[in-house]
Protein chains: 2
Amino acid sequence: MATDRTRAAILNAAEQLYAERGFSEVTLRDIVAAAGVNLAAVNYHFGSKDELIAELFVTRSIATNRERLNELKAVEEAGGGRAPIEAVIRALVGPTLRGCLGPDRQRATAARFMIRASIEAVPPIRKIRNREISHLRRFAAAMQRSLPDVPEVDIYWGLHFALALAHQTIRDSERLTKLSNGLCDLDDVDGIIARVVTAASLALTTKRAGAAAAKAQRA
Amino acid sequence: MATDRTRAAILNAAEQLYAERGFSEVTLRDIVAAAGVNLAAVNYHFGSKDELIAELFVTRSIATNRERLNELKAVEEAGGGRAPIEAVIRALVGPTLRGCLGPDRQRATAARFMIRASIEAVPPIRKIRNREISHLRRFAAAMQRSLPDVPEVDIYWGLHFALALAHQTIRDSERLTKLSNGLCDLDDVDGIIARVVTAASLALTTKRAGAAAAKAQRA
DNA sequence: TTGCAATTCAAACAGTTGTATGAAACTATT
DNA sequence: AATAGTTTCATACAACTGTTTGAATTGCAA
């Protein structure tokens, strides 16, 4: 059907443009020009610009979450219901990092679109994003299973830190390259994932010493 | 002079609105309404909307950098030219974290404006932001002095991670609160700084073990 | 007070945005 | 081949954007 071709062309063009420039910098006319369709097509097929963004976000959100949960399930089953904390964190940050920094262009567009969505918080997305909380809770639970002795509050901080490292690395990769004069290799995806996972795990497992140091610092 | 009062009112209103809603969501009419001045005042006093943003950014950028460097200088002098890595990192992330999460409302506005600026990368700011690279290099150098045995590339990653943790904690504080059901106390600024500093320092000082683990993970 | 510059103001400008319309083109069933 | 339903298209629309204009007002020096 010609209908689906137009829809798909719009979705592709919109996702790519949004991923590249951000939501506020892309107009409907940019999208339809890139997609090679008529201006009215967006409203005809999606109702409005916001609904287009929402559909894009929901689709990608589901895909990312499934990818993460599959990886989590795999490592937990391999460990008899309890995976090493490094594996849990890798399941959390791996898909996004691989997506954004890896060689697969289509995957990169999708992943970068999600990064934009988490940054710009445009109205149509803000309403839906609460769903992600419950998704993250499943990872918090898995992390707690990995580290039964770590207090719950530290689990949340660890989860937050892991996402922070992954996220910001994608967003600021350009600055890191400049700052380090190219010393930090942003193409070594596995190396980056390893760095993020290690740093986040360390913050969690060295927590007792860390908490003590924290108290000392406060004094 | 009445002139300066109008200028100041515009700057205040603009900074606050930008900090709250982001650049793309605030119009000149919003700003002049909040400032209680005429629409044409912005163009009269600043030339254009972009120049207003640029002036705001430059002013705040200078203030933040000075605050950081003062703290760095203090701890390095106290240690005879070489400060503990925790102190260096605290000088880097402390001012912004204290500014954004602390009780001082005016400071919070300023700090949050800078966060927005680092996120949205609107054209007038993008041109100026390169200056920050050289500022960060001074911290990289200080960190290298603190940890002479750590390879340069790891220093950059550590610096990047420290900023990532601080930054994202400010940006995503709402989600962290929701996710943890309020367990993570975002009002405990010193505690948060301690967590960020500890996590970033750990990633740097445990690097040799970390690098080994990273290689193992890749296999 | 008078005169001049600086500042404020209401109004309008040109450009862009998302959306709506109605005619045209197409598709598929009869 | 004729018709009904779907999809495309050029075009127009109203709302909003940053900016400009020229007259009114203000503040201050002579």
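First the proteins, then the strands, lettered A, B, ... as listed; each starts at 1. Please read all numbers here as calculations on a predicted model, not as lab measurements.
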Given DNA chain D, 5'-ward residue of the pair A:G36 and A:R29, judged by closest heavy atom: A:G36

Divergence of helical axes at both termini of the helix from C:dT1-D:dA30 to C:dT30-D:dA1 - five pairs an end, 10° steps: 0°

Is any side-chain N or O of [X] closer than 4.0 Å to OP1 or OP2 of [N]?
X	N	answer
B:T27	D:dT17	yes
B:T6	C:dT7	no
A:H45	D:dT6	no
A:N38	D:dA10	yes

Nearest-neighbour nucleotide for the B:A40 side chain, D:dT21, C:dA20, C:dA12 considered: D:dT21

Whole-Å distance separating the [atom1] atom of [X] from the [atom2] atom of [N]:
X	N	atom1	atom2	answer
A:Y44	D:dT8	OH	C1'	9 Å
B:D30	D:dC16	CG	P	11 Å
A:F46	D:dT7	CZ	C1'	14 Å
A:R7	D:dT6	CZ	P	16 Å
A:L28	D:dA14	CG	P	19 Å
A:D4	C:dT27	CG	C1'	14 Å
A:L39	C:dT19	CG	P	10 Å
A:N43	D:dA12	CG	P	18 Å

Under-4.0 Å salt bridge between B:R21 and B:D30: yes

Using residues 109-121 of chain B as the side-chain source, report each donor-acceptor pair under 3.5 Å to any protein atom, sequence neighbours left out, with the distance given to one decimal.
| from | atom 1 | to | atom 2 | distance (Å) |
| --- | --- | --- | --- | --- |
| B:T109 | OG1 | B:R105 | O | 3.2 |
| B:R116 | NE | B:A19 | O | 3.2 |
| B:R116 | NH2 | B:E20 | O | 2.9 |
| B:S118 | OG | B:I115 | O | 2.9 |
| B:S118 | OG | B:H167 | NE2 | 2.6 |
| B:E120 | OE1 | B:F23 | N | 3.1 |
| B:E120 | OE2 | B:F23 | N | 3.4 |

side-chain contact (heavy atoms from CB on, under 4.5 Å) against A:R131, all qualifying residues, sequence neighbours excluded: A:I128

Heavy-atom side-chain proximity of A:W157 to B:T169 below 4.5 angstrom: yes

Note, B:R195 side chain near A:D154 side chain (heavy atom, < 4.5 Å): yes

Nearest non-hydrogen partners of A:V189 and A:L97, listed with the distance: CG1-O, 4.1 Å

Flag if over 12 foreign heavy atoms under 6.0 Å of CZ, A:R129: yes

